[in-house]
Every structure is written in structure tokens, then in C-alpha cells.
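Letters A, B, ... are given to chains in the order of the sequence lines, protein chains preceding strands, and every chain is numbered from 1.
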Amino acid sequence: MASGKPESEQVPPKTPDLSTWYNAICYKAELVSLSPVRGCVVLRPYGYGLWERLQSALDERFKATGHENAYFPLLIPESLLTREAEHVEGFAPEVAWVTQGGTETLSERLAIRPTSEVVIGVMYAQWIQSYRDLPVLINQWANVVRWEKRTRPFLRTLEFLWQEGHTAHATEQEAAAEVQQMLDVYVDVAENICAVPVYKGEKSASERFAGAAHTFSIEGLMPDGRALQAGTSHELGQNFSKAYDITFAAEDQTIQHAWTTSWGMSWRMLGALIMVHGDDRGLRIPPRMAPIEAVIVPIVKAGNDEVALAARSLFKRLKDAGLRVKLDERDLRPGNKYADWEMRGVPLRIELGERDITQGVATLVRRDKAKGEEGGKVVVPLDEMVDRARGILEAIQNNLLARAREHLQSHTFMVAERNEFFRMCRERAGMIDIAWCERPECEAFIKVETSATSRNLRPLEGGPTACVACGEPARVRAYFAQAY
RNA sequence: CGGGAUGUAGCUCAGCCAGGUAGAGCGGGCGCUUUGGGAGCGCCAGGCCGCAGGUUCGAACCCUGUCAUCCCGACCA
């Protein structure tokens, strides 16, 4: 009887086909819908709720580090876009263009922003005159468009939501510190809010942002062994300030070019969260990210509204205590509601029926535990509910992070032997950690052979050693993996 | 952009090969009985068979084109 689940309600298992599972979850949990526009999704209210959680986690950290929000135009005149040569070249294949306004053909094409370094740079050139104007610390919440060949909900869509921070500084050191500070904000949000553990490090030359001097990223590992870049932070050096004339009078009377940075995280982070935590029953949302932390399911019997009243009173108490709680009074059988909220990944379910009420308790079921797993179901006295619910939510948050970290660690391999390195890259074994020469030719060869690329790099510790892939002198340690 | 596959009811799909005018399960609505893991019975609604052409007396089915989605590859700051 427990297996009487209708075929049509099921979602395909998470393994072995992560891709099919992922798509099904995104639609069934009502996060997104396909739209009539190729490659563009509609973010539905529940999906938007997730995005808002991510937004507020990031935004409060941006504010805490002295940044302000502003908004710049969607359209960029072609002549402005083409000033930073490397930048243009990098983005050219994915820029969408507006060529007509109303019935008139435009004299100059307008690019739909693939990112905003250009427009923001032009404005910074106007705003910055003196060292006293620096630093400029601005963030923008925006949509951008990149004409991708292959799209997937959250991970890669033509239009997507993100934030892009853009700062200008008087010195290279200050800009570098900003870039590391924001990278650490991304690590904090990924791990402590989304419960997605990541590796941070610098990008290789071939993976670097077009026009940047240094690009840093955070990289998570998905269950299929592919890596996902979930946030980037760039030292733009003076490349953009030279292209867009961002100069200032320094204390020593000289005119200098500002040092700029940019950093971004998109709704792609949500894709990572979905893949890392979800299971065969649907989404599993870490409590700090959950639009709904707990759902109360009253188990009502006909002709007895005692349960409904108790449920409403419990709902009010939890809500007043500040929990994001939902009372599900729909006219459905409890089993349907359980399955429904499990699909949506609500961390905690509070079941309240006659049996509970007579004993002054409610039954709590944790979404992070499998059915029948130790500790998955606990009975809690109603008058202790607020504190106990809080405690359990925290435990769920920790448990999801611990499990994800365990997966990342057990799928990270420090490899010293060439053939083993190539084999593991091909097999998508996980994050393959090697001593590396950092040469683009070497990276290109690895990519051709295995379709893996370097994810990010960190300093080489210990004595001199050889590149595991090619035998030349190693300069860094690098994680290699196939990437999303 | 190359290779492959698929578009039929809200969802999952059958029907197509051997053309004859639309089906199932689930879901949805109403009623009754139910409600501690995806209920039961009865009634009802729902589809220009992705779109556009062509062949044919007749096309969901055959042909051409096109759009979209999925998988593999290329590309993806």
C-alpha cells in the first residue's frame, strides 16, 4: 500500500540520469516553467521565493561590506561596447542586438547587456575625478542576456538574473583585497546559506573573464562528477579604466587610472543547490534558503474541528516567533500533502492529528532524512514547539552541509600519475587535484583528451615538482573536472 | 552550429511502419463516502495530433520545410 504511488506522480530517480531528474524537479516543484521564448524560463513564485532568499543573503553582506545598490541601463551602444578589445571579442558570440526602435532602423545597434562593465565604466569615468571619490562600491541587481546554444533551467538560460558588483579603487592592492573579500562572501553564502561546499581559487588564463587581469571563482561539485562555477570575482586591473577613461587626480598631483573590479553570482547558484541536495522524492532545501521552513499538515477527521483549531493556533505561534511557516488546510488527503511538500523540499513537516492533540504533542518529520531513517520523525510537546523546531531546522541545515561536504571530499582526488589523471578526468570522477604547469597548451591538450578543464588554481606548496599532465615544471595546484 | 531523438488532453504516453476523421492511465470539476503516506464509487469537462506547405477522394499517420524540447559533440567571459 505504501507503494501505491501513481506512476504519473513520480519523478525519475536522481541517478543514473541526473539531467532528466533535474529538469523534472525544476518543473514539478514549480520553480520554473518553460516559456514561449527559446531558452528563457519563467521563474514561478516558489522559484522566485528561493531567489529572494539568495538575494537577501547576498545583499545584506554587500551592505555590511560598504556597498550600495544602483541600476544601469539594459542597452549598450555598439560603439561603447567595442572599446575594450579583449572584452568585446570574448562576448561577441553571445551578444543579442536591438536594431530597430518602433518602425525606425537605428543608426547604431544597441547591445542587450551580457554584463555591465561597459556602461558602468562609462559612468564611473564621469563620477570619478579625485582620489577623494574613491573607492566607488556599487552593486546592481539585474537581468542579462547571453545567446547560448544550449540552455537548461538556472544553469544556462538566454536571460538570467544575477547581481554584478562593480568597484573602483585608487590602488591595485585595494582592488585585490576587494576581490578577495567578495569571493569570501560567495564562499560564505554558498556554504553557510545554500549548504553547497565549494573550492575557491584563481582561474587559469583560458578560463579567465574577457578583459580581466585575474579571475577568481568558487566551484562546487555536482552528483554526476561535473563541477559548477557558482560565483566569480575579477580583478580588472586598469584594462577597463584605460578603455573607458576612468582617471583620478592622486594626492601626489598625478593623473592615474583607477583599479576596477567586478564580481557576480547568478540564479545558477540555485541550480547547484537543487542538484546537490535533491533526492528521488524531490527538492531538499536547506532551511536558511527555504521560502517555507516548516509546513503544518493537520490530520482532520470529519465532524471534528478540534484539530483544525489547534493547527491554526500552532501556526500563529510559530509565525509570531518569526518562522517561515505554512498551514496546509487544503482539502486533500494527508498523504498527498506529504508528497507535495516533499517535492517542494520544505525542510520540516509538522503533522498534527487527534492522537497528537490528546497528548499535547505534534509529530515532526525531517525532509533531510530518508523514510524510516533514525531521527527522521520526532514527537514534540506543543509548548516546546518553537524552540524545538528552530533546533531541528538548524540540525537539518548542518546535516545537508555535512553530507554535501562529505561528497565533495570523497570525490576530490590528489593525483600524481599522468595516466590516472587522464582516466579520472574522462570518467568524471570528481575534482582531480594535480600539480600543474599552468600552460594554456597543456590545458588545451587535457581538454581535447578528456573534455575536462582546470576549475581553479591555488599556490603550490612544498618543493619543486613536475606537472602531472605534461611533465614540465609545475607552478600551481589545480582542480580539474568536466564543467557545467 | 554538427550528429541523434522527440513533439498527440494539464502530466506520462499508446496510435503512425501497412492513411479512413482521437485513445489510456494519472491529473482537473461536481456529488457521496473518506482522511496518521500519493483513497473508493458515480457523473462530467478537456485535443485545429507543434506550425506551414505538399501528396491523396481522404493525413495524427506519407513527403518537404519550419519551430521547440531532450541527449551527444563544438561553443559557453
**Complete:** Protein heavy-atom contacts under 4.0 Å, written 5' to 3' over nucleotides 30-35 of chain B as B (base), S (sugar-phosphate only) or - (none), form the string ----BB
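- Rounded to whole Å, the separation between the P atoms of B:C63 and B:G19 comes to 12 Å.
- Residue contacts shown for A:Gln229 are absent, as no nucleic acid heavy atom lies under 4.0 Å away.
- Judged by atom type and distance alone, A:Arg281 does not reach the base of B:G38 through any side-chain donor-acceptor pair under 3.5 Å.
- Between the side chain of A:Glu351 and the base of B:G37 there is no donor-acceptor pair of N/O atoms closer than 3.5 Å.
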Collect all protein-nucleotide pairs involving nucleotides 44-50 of chain B in which both atoms are nitrogen or oxygen and the distance is under 3.5 Å.
none

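- A centroid separation of less than 6.0 Å is found between the aromatic rings of A:Phe240 and A:His87.
- Atom P of B:G2 sits at a distance of 11 Å from the matching atom of B:U66, rounded to the whole Å.
- Paired with A:Thr215 under the rule side-chain hydrogen bond (donor to acceptor under 3.5 Å, both in side chains), one option of A:Glu202, A:His234, A:Arg208, A:Glu235 passes, and it is A:His234.
- Heavy atoms of A:Arg38 sit under 4.0 angstrom from primed sugar atoms or phosphate atoms, though from no base atom.
- In this structure, A:Gly39 reaches the sugar-phosphate backbone alone: every heavy-atom distance under 4.0 Å involves primed, P, OP1 or OP2 atoms, never a base.
- B:C71 atom C1' lies 15 Å from atom CD of A:Gln482, rounded to whole Å.
- At whole-Å resolution of the value, CH2 in A:Trp21 and P in B:C71 are 14 Å apart.
- One P atom belongs to B:C48, the other to B:A22, and the distance between them is 13 Å to the nearest Å.
- A:Lys203 comes within 4.0 angstrom of nothing in the nucleic acid, heavy atoms only.
- The P atoms of B:U8 and B:C44 are separated by 27 Å, rounded to the nearest whole Å.
- Contact check, A:Ser19 against B:C71: a side-chain N or O comes under 4.0 Å of OP1 or OP2.
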